[in-house]
Amino acid sequence: MSYVEPLWEVFLRADRGLSHVHVGSLHAPDPEVAVLSARDLYTRRSEGVSLWVVRSENIHTSDPGKRAQYFESAAEKPYRHARHYAVPEGLNL
Amino acid sequence: MSTGTLVPLDAAATTYLLRHADDNLIASQRLCEWVARAPRIEDDVALLNIALDHLGHARELLTAAGNREGRGRSEDDLAYERNELEFSNAILFEIPNGDFGQTIARILTVAAWHSTLYRSWVGSDCVELAEFGPRGMREAAYHFEYARVWAERLALGTDESADRFRAGLASVLPHIGELFVDDAVTDRLGAEGWVTSPSTLKEACIELLTSCLGPLGLSVGPVATPVQTPGRLGHHTEAFSPMLAELQYLRRAFPGGSW
Amino acid sequence: MTEQEQFDEVVRAGRTVESADWMPDGYRATLIRQIAQHAHSEIIGMQPEGAWLTRAPSLRRKAILIAKVQDEAGHGLYLYGAAETLGISRSEMLDLLHADKHRYAMSFDYGVPTWADVAALGWLGDGAAIVNQVPLSRCSYGPYARAMARVCKEESFHQRQGFEAMAALVAGTDAQRAMAQAAVDRWWWPALMLFGPPDDESPRTADSMRWGIKRNTNDELRRKFVDMTAPQAEHLGLTLPDPKLRRRDDGTYEFTTIDLEEFTNNLRGQGPYARQRRDYRRDAHANGAWVREAVAAFQARAQIEPEVA
């Protein structure tokens with residue numbers, strides 16, 4: 001018998017963005033932990049974001065099960081990005 | 001506590017930068033030991049995030065120290081080529097992780113200290129500190145929030161979690177006194193207006209810690225100011241040596257190696 | 001149209017099946033197993049590389065490795081989340097892993113005894129994983145495809161950092177070059193095994209392709225990986241431990257297929273480090289139980305007490 005942490009949907013807005021975009025979901029026991037988790041899981045490659053977390057059960061949609069596209073913006077840690085690495089010419093890496 | 005000798009400014013700044021670099025390097029090293037062992041996978045992500053932040057801080061401060069020192073030592077030279085006596089991290093950072101309760105207790109304490117310390121660097125005439133301050137504050141604030149949320153859940157969870165968290169605090173808190181000791185280095189930098197004396201930062205740090213622990217029915221307890229600062233003087237605990245060996249051995253095993 | 005016809009039409013048209021849609025039981029069961037095992041692979045995969053975080057040979061390598069291992073935990077979470085949309089919970093999936101009823105990528109049952117193995121795991125292991133994963137981001141099940149799209153974007157640096165770490169070793173001392181070659185000798189076959197059994201030994205492939213879960217056969221992807229990787233090894237000046245490896249005139253490569261006996265042995269959970277990886281995972285879960293119980297207790301209490309305005 002295990003305690004199941006409820007499911008939350010995560011919405012992210014970049015500093016220069018206009019609106020919050022759905023980026024995915026996560027499990028957390030409560031809102032405080034959910035915000036911390038969302039920051040860890042969905043903003044590793046983003047800066048200056050605003051995060052919303054909403055209990056999935058509180059989202060009412062005409063299209064259950066659909067998920068919006070993922071969001072990516074400028075990186076603080078360049079080594080996370082493939083283009084940061086030198087790739088010898090002609091190699092399919 | 002000052003001595004009569006006037007420490008040259010550059011040397012004082014180098015030593016000061018190195019101290020806080022070492023604190024962060026060792027903090028990062030300890031947190032890396034948690035990999036793939038956290039109680040929830042989400043905490044694997046979170047603990048490694050904090051480890052990575054500390055490492056980033058260490059790298060920036062080590063590089064700054066090496067530049068100030070002017071002997072051509074890089075971040076890697078400083079991290080991998082110094083021996084125990086040359087490391088100046090405070091003992092708080094090197095004690096073992098213990099269980100998750102003790103780990104959270106240490107993250108909380110370190111974050112309270114770093115929030116206070118880095119805030120005091122903002123606007124410093126020492127350019128490296130002024131540049132580091134804002135980013136350091138931001139990340140320390142996040143670590144504090146993470147630890148605060150977990151302190152609450154452990155302290156107010158089950159009897160077992162409350163006991164373990166209390167025990168963790170009891171292992172960690174005796175070591176914070178060392179952070180607040182003034183010495184010739186901090187006096188020199190203080191006289192220049194570059195840093196706030198550690199003793200002056202004590203109250204704000206303890207207040208921040210109490211803001212989290214108080215509502216949980218816990219307290220920081222009396223904080224004795226030690227006469228000596230063992231870690232700062234390179235006098236480390238038994239646990240330090242194997243940790244340093246692990247950190248350094250591979251690079252030292254291949255002299256002149258390329259990584 | 002019947003539900004089956006509707007489903008077939010969605011798959012045929014290359015559209016996505018979503019969690020609320022009707023789907024054949026076999027489709028659901030296959031996906032649950034595949035996605036869960038993919039998630040388990042990320043979590044188990046943190047172990048061999050994670051062990052080197054404290055020993056990384058430069059601060060930059062340390063940072064890169066922490067970021068990589070952190071990504072892997074995150075990928076595990078995305079994938080468990082995708083599997084959950086099919087009606088299985090994370091704790092059920094973990095129970096299956098801990099009971100040795102679910103598997104994970106067998107490459108992690110091999111050892112990472114030196115730093116060069118960390119580099120090889122990144123270059124070859126993640127290289128193979130990416131070749132597998134890119135087509136999965138076009139699979140018919142929406143939540144899995146979208147999780148894979150995110151994973152692929154993040155994973156591209158995992159392979160490049162491995163290649164770069166290898167390149168640094170071969171540009172180093174003789175001892176480093178020897179270490180690099182020894183690691184490649186150990187990791188080539190486990191990387192090839194990531195693509196699964198040869199097509200003629202893979203009874204499940206036909207269904208998976210018909211359902212749009214798999215877009216290419218195991219051997220197609222394995223060939224693609226060899227064709228991409230052999231020139232990379234040549235560039236690094238490292239040999240791959242396959243005496244039959246030979247470049248054809250058209251640029252593709254001839255190579256020896258995987259050892260089916262070793263593959264089957266691994267499938268049975270008898271790879272060199274299988275026991276160790278699983279025990280470590282079980283212990284970590286057991287040791288964390290008191291924390292998870294505290295979370296549950298705190299949450300229960302919070303629900304009973306009224307919210308403070």
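Letters A, B, ... are given to chains in the order of the sequence lines, protein chains preceding strands, and every chain is numbered from 1.
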Compile a table of inter-chain donor-acceptor pairs under 3.5 Å between chain C and chain B, counting both main-chain and side-chain atoms.
residue: C:Thr54; atom: O; partner: B:Gln29; partner atom: NE2; Å: 2.9
residue: C:Thr54; atom: OG1; partner: B:Glu246; partner atom: OE2; Å: 2.4
residue: C:Ala56; atom: O; partner: B:Tyr80; partner atom: OH; Å: 2.7
residue: C:Pro57; atom: O; partner: B:Arg251; partner atom: NH1; Å: 2.7
residue: C:Ser58; atom: N; partner: B:Tyr80; partner atom: OH; Å: 3.1
residue: C:Ser58; atom: O; partner: B:Tyr80; partner atom: OH; Å: 3.3
residue: C:Leu59; atom: N; partner: B:Asp76; partner atom: OD1; Å: 2.9
residue: C:Arg61; atom: NE; partner: B:Trp259; partner atom: O; Å: 2.6
residue: C:Arg61; atom: NH2; partner: B:Trp259; partner atom: O; Å: 3.1
residue: C:Lys62; atom: NZ; partner: B:Gln29; partner atom: OE1; Å: 2.6
residue: C:Gln70; atom: NE2; partner: B:Val45; partner atom: O; Å: 3.2
residue: C:Arg90; atom: NH1; partner: B:Glu42; partner atom: OE1; Å: 3.3
residue: C:Arg90; atom: NH1; partner: B:Glu42; partner atom: OE2; Å: 3.4
residue: C:Arg90; atom: NH2; partner: B:Glu42; partner atom: OE2; Å: 2.7
residue: C:Ala168; atom: O; partner: B:Ser258; partner atom: OG; Å: 2.3
residue: C:Gln176; atom: OE1; partner: B:Ser258; partner atom: N; Å: 2.9
residue: C:Gln176; atom: NE2; partner: B:Ser258; partner atom: O; Å: 3.0
residue: C:Tyr280; atom: OH; partner: B:Val35; partner atom: O; Å: 3.2
residue: C:Arg292; atom: NH1; partner: B:Pro39; partner atom: O; Å: 2.8
residue: C:Arg301; atom: NH1; partner: B:Leu156; partner atom: O; Å: 2.3
residue: C:Arg301; atom: NH2; partner: B:Gly157; partner atom: O; Å: 3.1

Legend entry - Counterpart residues, ring pair (Phe, Tyr, Trp, His ring centres under 6.0 Å), relative to C:Phe108 (two or more places apart): none
Legend entry - C:Ile64 and C:Phe157, any side-chain heavy atoms less than 4.5 Å apart: yes
Inset, instruction - Select one option (side chain, backbone, both, neither) describing which atoms of C:Ala63 are under 4.5 Å from chain B's heavy atoms. - result: both
Inset, instruction - Go through the steps for B:Leu156 and B:Phe165 under the test side chain to side chain contact (heavy atoms under 4.5 Å, CB included), then give the verdict. - result: CA-CA 10 Å; B:Leu156 303 178; B:Phe165 183 62; over 6 Å; no
Heavy-atom pair count under 4.5 Å with chain B, highest-scoring of [options]:
{"options": "C:Gly172, C:Ala289, C:Ala297, C:Pro57", "answer": "C:Pro57"}
{"options": "C:Ile43, C:Leu53, C:Val291, C:Leu65", "answer": "C:Val291"}
{"options": "C:Ala294, C:Ala165, C:Gly76, C:Ala56", "answer": "C:Ala294"}
{"options": "C:Gly288, C:Ala284, C:Ala168", "answer": "C:Ala168"}

Inset, instruction - Just jot down the side-chain contact (heavy atoms from CB on, under 4.5 Å) partners of B:Leu25, sequence neighbours excluded, or say none. - result: B:Leu55, B:Ala58, B:Ala79, B:Phe87, B:Leu247, C:Leu59
Inset, instruction - With sequence neighbours left out, write down each residue that passes side-chain contact (heavy atoms from CB on, under 4.5 Å) with B:Ala21, or none if nothing qualifies. - result: B:Leu61, B:Leu62
Legend entry - Spacing of CG belonging to C:Leu96 relative to CD belonging to C:Gln37, to within rounding of 0.5 Å: 9.0 Å
Inset, instruction - Give a yes or no on whether the backbone of C:Asp126 and the side-chain of C:Gln159 come within a donor-acceptor separation of less than 3.5 Å. - result: no
Inset, instruction - For B:Leu213 and B:Leu169, run side chain to side chain contact (heavy atoms under 4.5 Å, CB included): C-alpha distance rounded to whole Å, both residues' side-chain angles, the deciding distance at 0.1 Å, then the answer. - result: CA-CA 10 Å; B:Leu213 296 176; B:Leu169 277 177; 3.8 Å; yes
